[in-house]
J.: 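Attaching a single structure in structure tokens format; questions to follow.
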Amino acid sequence: MRIHTYEKLWLVAAFLLIVGFIATITYGSVGLGIQMIDDSEETLSPDDINDDERFGEPRVEQVGENEYEAYVVAQTFIFQPDPIEIPANSRVTFYVTSRDVIHGFDVVGTNTNTMVIPGEVSKMTVEFDEPDEYGIVCNEYCGDFHHTMEGQLNVVPEDEFDMTELEVEADDEVELGDEATVTITVENGALDDLETTATFEIGDQTVEEDITVPGQDSEEVTVTVDSTELGEGDHDWTVTVDDYEESGTLTVAEDLESEDEDGADGGDGSETDEDAEAGNDNE
Ligand code: CUA
């Protein structure tokens, strides 16, 4: 059978086109590493989210040297945590679930994009090399304020990233001559030990305590303050641990008990309480 030269050329061209199409589709589905969300993750009833080990407290957790896991909860019309903070040069696995209806979890400008279905856990692993700030949007219509549902993902420079939390509990008032107690709790969410210094300042007094907080643990330091040295009146204090600071006011009164007795009378007491609270708010 004789085939015309042009006929042959068109046959070859059509064949190459078909091979080309198949190659592009294969590359798009395999080569780019795009994964579909499947149901291989265990299910989680929205009613159980609050008691869930991972989602009860939406957060970022360190699981390896440069590996993190982010447990994210979507609900009308917010994402938790917000912002999500992770260090640059890290590998993050997002686990996202919904508390109510179907939402989307789309990290704008990346191919990190999934549906978030109540009862299901969507899982994605993403690498972030450079510090950057990304918006997160919900791209599934979820209600009246769907268009306002957004979050934030901050990829911060490695040396600016930490998983430290500072909490301070301190006496509001103390009788002149007595000691006031300040309890400083430093939480270390990272895997490595945290060596740091807690600095407590009040009046002219400064107390520095070196502390070592084991990885994924917390450490408590108690500082006592001599009120005689401070004298009567309101004294502002600050606690500093690395970049974190907490502050408050300690009232030293000559005769606290008589004030308490006044308080027992009724009206005066609530006023005193309000005064104390207002004082704290001002800090
Ligand atoms: Cu959530 Cu739209």
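Everything numeric here is computed off the predicted structure, so don't read it as measured data. Along the sequence shown, residues carry numbers from 1. Start at 1 and go down the list; that is how both ligands and their atoms are numbered.
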J.: Do you know how many protein N, O or S atoms are within a distance smaller than 2.8 Å of atom 2 (Cu) of ligand 1?
T.: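 The number of such protein atoms is 4.
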J.: Between Y68 and F161, is the ring centroid distance below 6.0 Å?
T.: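 Yes, they do, as the ring centres are separated by less than 6.0 Å.
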J.: With sequence neighbours left out, write down each residue that passes side-chain contact (heavy atoms from CB on, under 4.5 Å) with I3, or none if nothing qualifies.
T.: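 For I3 the side-chain contact (heavy atoms from CB on, under 4.5 Å) partners, ignoring immediate neighbours, are M1, E7, K8.
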J.: Do the side chains of N89 and F128 get nearer than 4.5 Å, heavy atoms only?
T.: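 No, side chains not in contact.
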J.: What residues form a ring-ring contact (aromatic ring centres under 6.0 Å, His included) with H146, not counting sequence neighbours?
T.: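 If we apply the ring-ring contact (aromatic ring centres under 6.0 Å, His included) test to H146, skipping adjacent residues, the hits are Y141.
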J.: Under a single-linkage rule joining Ile, Leu, Val, Met, Phe, Trp and Tyr whose side-chain heavy atoms are separated by less than 4.5 Å, which residues share a cluster with F15?
T.: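 Members other than F15 - counting any ILVMFWY side chain reachable under 4.5 Å - are V19.
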J.: Relative to the ring of F94, is the ring of F105 parallel (under 30°), tilted (30 to 60°) or perpendicular (over 60°)?
T.: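 Ring orientation of F105 relative to F94: tilted.
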